[in-house]
Undergrad: 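Submitted below is the structure of interest, expressed as structure tokens.
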There are 2 protein chains.
Amino acid sequence: MEKFRGLGLKLTPQRIAIMQYLDGNTEHPSADVIYKSLTKKYPTMSMATVYNTLEVLTNRGYVRELTIEPQKKRFDPNTKHHHHLMCMACKKIVDVHSAVNVDLSPEEHDGFEIIGHHIEFYGLCQPCKKREPIKLLKGGSHQWQM
Amino acid sequence: MEKFRGLGLKLTPQRIAIMQYLDGNTEHPSADVIYKSLTKKYPTMSMATVYNTLEVLTNRGYVRELTIEPQKKRFDPNTKHHHHLMCMACKKIVDVHSAVNVDLSPEEHDGFEIIGHHIEFYGLCQPCKKREPIKLLKGGSHQWQM
DNA sequence: GTTACTGCAAAGCTTTTGCATCCCT
DNA sequence: AGGGATGCAAAAGCTTTGCAGTAAC
């Protein structure tokens, strides 16, 4: 966690715990998952601190917020440009490092200055494919039904 | 709205109003925007009815839910496969009809059966580009900072 | 006449905020 | 010592649910 020193950012035990939890983590955890994981070892940890720390890390570019799961933010400590594939059944998210060329022609970007892009793939992971062939549409099928 | 007859779906005045509001609409409205737009003409309309109708339409494939704006669903009556470009400042969303080839190699999809995908472009629309060159990062910069 | 839908209010879930206290630097 | 961080609780924002009444079929 040495890389966070000298950035005008106080290294409290709670922050260090969150940073260590995230470092190298490929689970794309939500704030809730982070909180539940750390509250065992740090019983005084609060959700406010988790959100506060995640916001600081996000604003400084050490963490990316993912919106791939509706109504819930997931967090990714890998800030290199990449995309994501989520299982529609169990919500597992894996990284996709495909180098896709998605340049838009002028008439397509409608005068916008394009700053970034992100591809969301939807599917079924192997365990879920075997377990539940159907029954995904509960709660509203999202944009993955095409 | 004739296309919704004979589907075991009751055509109430509220539903017809929502369907007419959505038909051909390219604004990608949220439930709140739909409710506010219709409550003038239909003062008894409730949010529960808006959400109920949107869920029915989504499950039947007449509407797509978009998760591009964090913590808020947006709805798109255009269910043809396409992508979206959102202004990071004013949250305006426009359609992108680029035919991008995003097939993943076997080692990339990690055993998943891929069912769909969606590309989210982030940028600044022309009015916002002139108006506010900076000041977008408030509230957490999302996945668009790459 | 049935069945499904409406609308209200209450509750749920995630996230944010106010504020007194605490502690890292 | 000082300014930022913590943690609690309360509140906010979006969405869902329970249920009695109502209207479409």
Side-chain angles (χ1 to χ4, degrees), chain A residues 1-2 4-19 28-60 63 65-75 91 137-142, chain B residues 1-2 4-19 28-60 63 65-75 91 137-142:
Chain A
M1 298 301 102
E2 292 305 314
F4 296 116
R5 282 202 185 289
L7 294 174
L9 181 127
K10 279 188 187 169
L11 291 183
T12 64
Q14 296 87 338
R15 286 195 167 170
I16 292 170
I18 294 170
M19 290 171 183
H28 311 85
S30 61
D32 188 56
V33 166
I34 297 170
Y35 173 72
K36 284 200 172 67
S37 302
L38 296 178
T39 198
K40 304 164 194 162
K41 227 175 161 180
Y42 300 82
T44 73
M45 172 89 61
S46 74
M47 281 301 281
T49 297
V50 174
Y51 276 107
N52 167 11
T53 300
L54 288 170
E55 184 185 339
V56 169
L57 294 177
T58 302
N59 284 338
R60 291 175 185 247
V63 163
E65 289 180 9
L66 306 183
T67 63
I68 191 171
E69 182 177 353
Q71 300 327 110
K72 192 181 220 168
K73 286 181 188 168
R74 306 271 296 246
F75 296 88
K91 312 287 196 262
L137 301 180
K138 184 227 159 261
S141 52
H142 304 288
Chain B
M1 298 301 101
E2 292 305 314
F4 295 116
R5 281 201 187 291
L7 294 174
L9 182 129
K10 281 187 186 171
L11 292 182
T12 65
Q14 296 88 340
R15 286 195 168 170
I16 292 170
I18 293 170
M19 290 170 184
H28 312 84
S30 62
D32 188 57
V33 166
I34 298 171
Y35 173 72
K36 284 201 173 64
S37 301
L38 296 178
T39 198
K40 303 163 193 161
K41 227 176 162 179
Y42 301 82
T44 74
M45 173 90 62
S46 74
M47 281 301 280
T49 297
V50 174
Y51 277 107
N52 166 10
T53 300
L54 288 170
E55 185 185 338
V56 169
L57 293 177
T58 302
N59 284 338
R60 292 177 184 245
V63 163
E65 289 180 11
L66 306 183
T67 63
I68 191 171
E69 182 177 352
Q71 300 326 109
K72 191 182 220 167
K73 288 180 188 168
R74 306 271 296 246
F75 296 88
K91 312 288 195 264
L137 301 180
K138 183 224 157 265
S141 52
H142 304 288

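Predicted model only: the values in this text are computed from it and were never measured. Reminder, nothing fancy here: chain letters follow the sequence lines and each chain counts from 1.
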Undergrad: Can you measure A/Y51 atom OH to D/dA11 atom P for me and round it to whole angstrom units?
TA: 19 Å
Undergrad: Reading DNA chain C from 5' onward, which residue's closest nucleotide shows up sooner: B/T49 or B/K10?
TA: B/K10
Undergrad: Could you state the CG-C1' distance from A/L9 to D/dG3, rounded to the nearest angstrom?
TA: 14 Å
Undergrad: What integer distance in Å separates B/E55:CD from D/dT16:P?
TA: 7 Å
Undergrad: Could you go step by step and tell me if A/L9 and A/R15 meet the side-chain contact (heavy atoms from CB on, under 4.5 Å) rule?
TA: CA-CA 10 Å; A/L9 181 127; A/R15 286 195 167 170; 3.8 Å; yes
Undergrad: Before accepting this row, confirm whether a basic side-chain N of the pair B/K73/B/E65 lies closer than 4.0 Å to the acidic partner's carboxylate O.
TA: yes
Undergrad: Would B/N52 and B/E55 satisfy side-chain contact (heavy atoms from CB on, under 4.5 Å), going step by step from the backbone distance to the final call?
TA: CA-CA 5 Å; B/N52 166 10; B/E55 185 185 338; 5.5 Å; no
Undergrad: Think B/N52 has a side-chain N or O under 4.0 angstrom from the OP1 or OP2 of D/dT16?
TA: no
Undergrad: Give the nucleotide from the list C/dT6, D/dA24, C/dT15 with an atom nearest to the side chain of B/T53.
TA: C/dT6
Undergrad: Ignoring hydrogens and geometry, is there a side-chain-to-backbone donor-acceptor pair from B/R74 to B/L66 under 3.5 Å?
TA: no
Undergrad: Where the side chain of A/A48 is concerned, which of D/dT6, C/dC24, C/dT17 is the nearest nucleotide?
TA: C/dT17
Undergrad: In terms of the nearest nucleotide of DNA chain C, which residue is placed more toward the 5' end: A/Q71 or A/T12?
TA: A/Q71
Undergrad: Taking only the side-chain nitrogens and oxygens of B/K73, find out if one of them lies under 4.0 Å from OP1 or OP2 of D/dT16.
TA: yes
Undergrad: Can you name the one residue among A/T39, A/L38, A/V33 that meets side-chain contact (heavy atoms from CB on, under 4.5 Å) with A/Y35?
TA: A/T39
Undergrad: Do B/T49 side-chain atoms and B/M45 backbone N/O form a donor-acceptor pair below 3.5 Å?
TA: no
Undergrad: For A/I18 and D/dA5, give me the distance from atom CD1 to atom P, rounded to whole Å.
TA: 12 Å
Undergrad: For B/I68 and D/dC14, give me the distance from atom CD1 to atom P, rounded to whole Å.
TA: 17 Å
Undergrad: Nearest whole Å is fine: how far is D/dA5 P from A/R15 CZ?
TA: 4 Å
Undergrad: Hey, what do you get for OG1 (A/T53) to CZ (A/F75), rounding to the nearest 0.5 Å?
TA: 10.5 Å
Undergrad: Just the rounded figure in Å: distance from P of C/dT6 to CD1 of B/I16.
TA: 10 Å
Undergrad: Please give, in whole Å, the distance from D/dC14 P to B/E65 CD?
TA: 15 Å
Undergrad: Determine: side-chain N/O of A/Q14 to OP1/OP2 of C/dC23, distance under 4.0 Å, yes or no.
TA: no
Undergrad: Would you jot down, in residue-number order, the residues of residues 28-47 of chain A having a non-hydrogen atom under 4.0 Å from DNA chain D?
TA: A/T44, A/M45, A/S46
